[in-house]
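These notes concern the structure reproduced below.
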Number of protein chains: 2
Amino acid sequence: MSENKKVDYTEDEIRMARYAKALSHPARLAILNILSTQSKCFCGDIVSELPLAQSTVSQHLKELKDSGLIHGEIEPPKVCYCLNPTEWYIAKKLFKKFFE
Amino acid sequence: MSENKKVDYTEDEIRMARYAKALSHPARLAILNILSTQSKCFCGDIVSELPLAQSTVSQHLKELKDSGLIHGEIEPPKVCYCLNPTEWYIAKKLFKKFFE
DNA sequence: GATATTTATCGTAACTTTACGATAAATAAT
DNA sequence: ATTATTTATCGTAAAGTTACGATAAATATC
């Protein structure tokens, strides 16, 4: 039998794929664009800027949280979202390196 | 009734989301990494570098083609793939701008 | 305590993605 | 002509994504 050297993906490939997935929907890009200009934003404000139901926006916010790119803080009864600078920087570096 | 100014996504958001989707799987990142270092590569060589069946790799290559980031030329009986510099540059600029 | 506000989660339908093996199509070599 | 090589496509199963409305949970206000 022939030895086919099929090697697994690198850590960078796996991590960057995770970030790319988070960026792969216009609604999530729109959310990130809002957060990168306003630095902090209540969930409700994000909802009212998008053409989507509140529950759908909440789902997108959850995915962005899961990717690590944002996090939310509860300020009852609202929730304030902002970028996570550490992960943002890692993503930025990965994409920059990727495109050379 | 209240006017909720829900505006559609921008052209950039839609286009960048398409690129991000193409980049959202480690196998496709691995393929692009191969092509960016080798400039040209036969389909078979790509298949043998990935831990996936030939048909699955072919499917990933199709998605990359559909995104515009690569294209393939037939050199019978093989197919030679390479990056599409124009789209690559557009993607690079979009991601750079996005991360500031 | 009852009501209003805000956001997350549940349930669910429609669609897409990812993976594989099998097969077809196209050409080259015997 | 037959056979081998290479790649795309088909069929398909399992899992994931995207959207919505309804509802729950948590807190503030009356």
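Numbered from 1 within each chain, the chains take letters A, B, ... in sequence-line order.
- Among D:dT9, C:dT7, D:dA8, the nucleotide with an atom closest to any side-chain atom of B:Lys62 is D:dT9.
- Put simply, A:Tyr81 has a side-chain N or O that comes within less than 4.0 Å of OP1 or OP2 on C:dA8.
- Near DNA chain D, meaning a heavy atom under 4.0 Å away, there are no residues from residues 66-75 of chain A.
- For the atom pair CG (B:Leu35) and CG (B:Leu69), the distance works out to 10.5 Å, reported to the nearest 0.5 Å.
- A:Glu13 meets the salt bridge (Lys or Arg N to Asp or Glu O under 4.0 Å) test with no other residue; sequence neighbours excluded.
- Considering only residues two or more places apart in sequence or on other chains, A:Asp45 meets the salt bridge (Lys or Arg N to Asp or Glu O under 4.0 Å) condition with none of them.
- A distance of 8.0 Å separates OG of B:Ser48 from CG of B:Leu50, quoted to the nearest 0.5 Å.
- Under the side-chain contact (heavy atoms from CB on, under 4.5 Å) criterion, B:Lys93 pairs with B:Tyr89, sequence neighbours left out.
- Scored by the salt bridge (Lys or Arg N to Asp or Glu O under 4.0 Å) test, B:Lys62 finds B:Asp66 as partners (sequence neighbours excluded).
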Check the interface with nucleotides 24-26 of chain C: list each N/O to N/O pair with the protein under 3.5 Å, or write none.
none

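- Sequence neighbours left out, the pairs with a member in residues 38-86 of chain B that pass ring pair (Phe, Tyr, Trp, His ring centres under 6.0 Å) are B:His25-B:His60.
- Atom-to-atom, NZ of A:Lys78 to P of C:dA8 comes out at 13 Å; the value is rounded to the nearest Å.
- For DNA chain C, the residues of residues 33-44 of chain A within the heavy-atom distance limit of 4.0 Å (strictly under) are A:Cys43, A:Gly44, sorted by number.
- Listed by first and then second residue, the salt bridge (charged side-chain N to carboxylate O under 4.0 Å, His left out) pairs involving residues 26-37 of chain A are A:Arg28-A:Glu63 (not counting sequence neighbours).
- Cluster annotation: B:Ile90 is connected to B:Phe98 through the hydrophobic network of ILVMFWY side chains, with a link wherever side-chain heavy atoms come within less than 4.5 Å.
- Taking NZ of B:Lys92 as the start and CD of A:Glu100 as the end, the distance is 7.5 Å to the nearest 0.5 Å.
- Interatomic distance, A:Leu61 CG to A:Ile31 CD1, rounded to the nearest 0.5 Å: 4.5 Å.
- Here C:dT7 presents its P atom at 16 Å from CG of A:Leu64, a figure rounded to the nearest Å.
- When the ring pair (Phe, Tyr, Trp, His ring centres under 6.0 Å) test is applied to A:Phe95, the partners found at least two apart in sequence or on another chain are B:Phe95, B:Phe99.
- When rounded to the nearest whole Å, the span between CD1 of A:Ile31 and P of D:dT18 equals 11 Å.
- Listed by first and then second residue, the salt bridge (charged side-chain N to carboxylate O under 4.0 Å, His left out) pairs involving residues 69-91 of chain B are B:Arg15-B:Glu87 (not counting sequence neighbours).
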_Protein within reach of the bases, or only the backbone? For nucleotides 16-22 of chain C, mark each nucleotide 5' to 3' as B, S or -, using heavy atoms under 4.0 Å._
-SBBBBB
